[in-house]
2 protein chains.
Amino acid sequence: MSTIMALDNPTLQKAVTTADKVFDAMLHAIVDGKIAAGSKISEPELAKQYEISRSTLREALNRLEKCHLIERKANVGSRVVDCTIEGLLEIYVVREALEGMACREAANNMSDEEIAEMQAMLAQHANSQALKDGVSYYQEEGDLDFHYKVILGSHNQQLINILCGQLYHLVRMYRIQFGMHSPRATRAFQEHSNIIQAICDRDGELAEILMRRHIAASRKNIENKIAQQNSSQNKA
Amino acid sequence: MSTIMALDNPTLQKAVTTADKVFDAMLHAIVDGKIAAGSKISEPELAKQYEISRSTLREALNRLEKCHLIERKANVGSRVVDCTIEGLLEIYVVREALEGMACREAANNMSDEEIAEMQAMLAQHANSQALKDGVSYYQEEGDLDFHYKVILGSHNQQLINILCGQLYHLVRMYRIQFGMHSPRATRAFQEHSNIIQAICDRDGELAEILMRRHIAASRKNIENKIAQQNSSQNKA
DNA sequence: TAGGATTTAATTGTCGACAATTAAGTCCTA
DNA sequence: TAGGACTTAATTGTCGACAATTAAATCCTA
């Protein structure tokens, strides 16, 4: 099982209150696009739908706002954020900065056990049927697992909160809604492998550089894909 | 007047609702230490104090939580974050990563007008009585003004939100509560000057490196100060 | 007296209703 | 018919009360 589920909730504590559960439900609904990006949120309607009061719903909405998944204007209401190319590129800029630093810190702060775990994970991915057969599993779950592990390995609570608690929900949302299943799997796997090696060598400087290149490469891949889509649209 | 006030509210819109006003009031109270760091927050008590209902107070608390100024546990309550040395260093790590990147992006994206404004601001600081007389003004307001301008200059909404909307409240809180009036003003001023030059030259790579060093130097300065305090404590 | 179970008090979570603001629809006028 | 003022409907913000959970105090027992 992947570690993704456990990280939906930044505090790592189970959803005990009803607002928590509604937050979880809406989080997945928005990320998966079941609640459309850019759409307006009607408090009375959703409250009825989830069979809760508006107060409880608003509590959930506040947490979604913390993840930057919805935006609120006073006396007007909430909207789901819309997925724009500019927004996606902005996120990648932040990821490059933060995950690069997280990777440096991980090289400094991860325990030997944690590093061993990560190597084991990579080995498992290498042997997994998914990677051999197709590309999709590794590209989605496996890639996220790797990045989460590095972030957690930084042992920096601020980094962990910002990346896992906020930014990565958006990352997943973009992945799903833009349908990113690019053929970078084997190459990304090699990059992951090199990064882990740098961490294992406790070479923070190199680890940061490699992680930044890894994310920048991913960004460029997206940019190319977008440009490609646009040109084919223009042809048609 | 400094640009700081305008940035308390991430969305840059005035506080129209009562929850907004209470949020503003509590924000300042917490940053200034009038509500003690680490102290528990009693919802009934504060609601009575601000003469509002608990619902409205909780709305304000939610926004404070977004700024990472308070932490909430389900069925237990809220606490103001406590100021620890570890926490401070964690923030500086994040700042180094994000503001370094913001500086790179600023070099790429700032308009010529924006750059001119920033140069004017620096010149004004240089001539200001405050910098000549004492060190405190520049160290506090002037330094923050500079950093805000660079961050805004990145034109990256994610960076702006995270840094101005969240992290910098904590930065200010630590500055005040740890009483940081270090004699780095003239040197910091020189560093700012060099950074602006790099931005003016549109040299993003250099701009990022200089900003990272600038922040790292500030962090080391704090670390020394802390170590110094500890050793003098041990003597006594 | 110390430790633990039970009762009590206080705090947080949730609810439905009213007030204030905004958006939509209607009517009037040029 | 187009534009704007007015009226109406819907949505958001705020309030006080009740339910559920947690923390404190009390009592009992070994």
Side-chain angles (χ1 to χ4, degrees), chain A residues 8-27 29-30 35-82, chain B residues 8-27 29-30 35-82:
Chain A
D8 282 353
N9 215 336
T11 56
L12 298 184
Q13 78 183 6
K14 275 179 196 167
V16 288
T17 189
T18 51
D20 283 325
K21 292 171 196 165
V22 173
F23 164 73
D24 279 356
M26 289 190 71
L27 174 65
I30 290 174
I35 300 178
S39 64
K40 179 153 177 10
I41 287 183
S42 163
E43 292 184 3
E45 189 182 320
L46 275 178
K48 196 160 63 178
Q49 189 172 325
Y50 286 105
E51 294 177 323
I52 56 175
S53 83
R54 261 185 61 224
S55 313
T56 305
L57 178 75
R58 279 160 73 85
E59 183 70 37
L61 292 183
N62 269 315
R63 300 189 202 172
L64 291 171
E65 201 183 356
K66 274 174 216 156
C67 305
H68 299 266
L69 287 175
I70 70 171
E71 288 167 347
R72 256 176 70 191
K73 272 188 210 163
N75 287 317
V76 174
S78 311
R79 303 195 79 88
V80 180
V81 296
D82 38 24
Chain B
D8 283 355
N9 215 338
T11 56
L12 298 185
Q13 80 183 4
K14 275 181 195 165
V16 288
T17 188
T18 53
D20 283 325
K21 293 170 194 165
V22 173
F23 164 72
D24 278 356
M26 290 191 69
L27 174 65
I30 290 174
I35 300 177
S39 64
K40 180 155 176 8
I41 286 184
S42 163
E43 291 185 5
E45 190 182 320
L46 275 179
K48 196 159 63 178
Q49 190 173 324
Y50 286 104
E51 295 177 321
I52 54 175
S53 83
R54 260 185 62 225
S55 312
T56 306
L57 179 76
R58 279 160 73 85
E59 184 69 39
L61 292 182
N62 268 315
R63 301 190 199 171
L64 291 170
E65 201 183 356
K66 275 174 216 157
C67 305
H68 299 267
L69 287 174
I70 70 172
E71 288 167 347
R72 256 174 71 190
K73 271 187 212 164
N75 288 315
V76 173
S78 312
R79 303 195 79 89
V80 180
V81 296
D82 37 26

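Labels below follow one simple rule: chain letters A, B, ... track the order of the sequence lines, proteins then strands, and each chain is numbered from 1. Bear in mind the structure is a predicted one, so any value in this text is a computation, not a measurement. What's counted below: heavy atoms across the whole structure, side chains too, no hydrogens, waters or symmetry copies.
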In whole angstroms, how far is the P atom of D:dT21 from the CD atom of B:Glu43?
17 Å
Side-chain donor/acceptor of B:Arg72 to backbone N/O of B:Gly77, under 3.5 Å
no
Heavy-atom distance under 4.5 Å between the side chains of A:Glu59 and B:Asn62, does that happen here?
yes
dist A:Leu57:CG -> A:Ile52:CD1 (nearest 0.5 Å) comes out at 5.0 Å
Atom pair distance, as rounded to whole Å: CD in A:Glu65 and C1' in D:dG13
14 Å
Rounded off to whole Å, could you give me the CD1-to-P distance for the B:Ile41 and C:dG13 pair?
13 Å
Flag, side chain of A:Thr17 to backbone of A:Asp20, donor-acceptor distance under 3.5 Å
no
Starting from the 5' end of DNA chain C, give me the residue, A:Val76 or A:Glu59, whose nearest nucleotide shows up first.
A:Glu59
OP1 or OP2 of C:dT12 versus the side-chain N and O atoms of B:Lys40: is any pair under 4.0 Å?
yes
Atom NZ of B:Lys73 to atom C1' of C:dT11: distance rounded to whole Å?
15 Å
Within the structure, does a side-chain N or O atom of A:Thr18 lie under 4.0 Å from either OP1 or OP2 of C:dG13?
no
Whole angstroms only, please: what is the CG-C1' distance between A:Leu57 and D:dG13?
14 Å
Looking only at side-chain atoms of A:Ser55, point me to the closest of C:dC15, D:dT21, D:dT12.
C:dC15
Give one of base, sugar-phosphate or nothing for B:Thr56, where a contact means two heavy atoms less than 4.0 Å apart.
sugar-phosphate
What is the distance, to the nearest angstrom, from the CD atom on A:Glu45 to the P atom on D:dA10?
14 Å
Nearest whole angstrom, please: distance from the P of C:dG13 to the OH of A:Tyr50.
21 Å
Output the distance between atom CD (B:Glu45) and atom CD1 (B:Ile41), rounded to the nearest 0.5 Å.
10.5 Å
Taking 4.0 Å as the cut-off, does a side-chain nitrogen or oxygen of A:Ser53 come that near to OP1 or OP2 on C:dG16?
no
Starting at the 5' end of DNA chain C and moving along, which residue's nearest nucleotide shows up first, A:Ala19 or A:Arg54?
A:Ala19
Spacing between A:Arg58 atom CZ and C:dG16 atom P, to the nearest angstrom:
16 Å
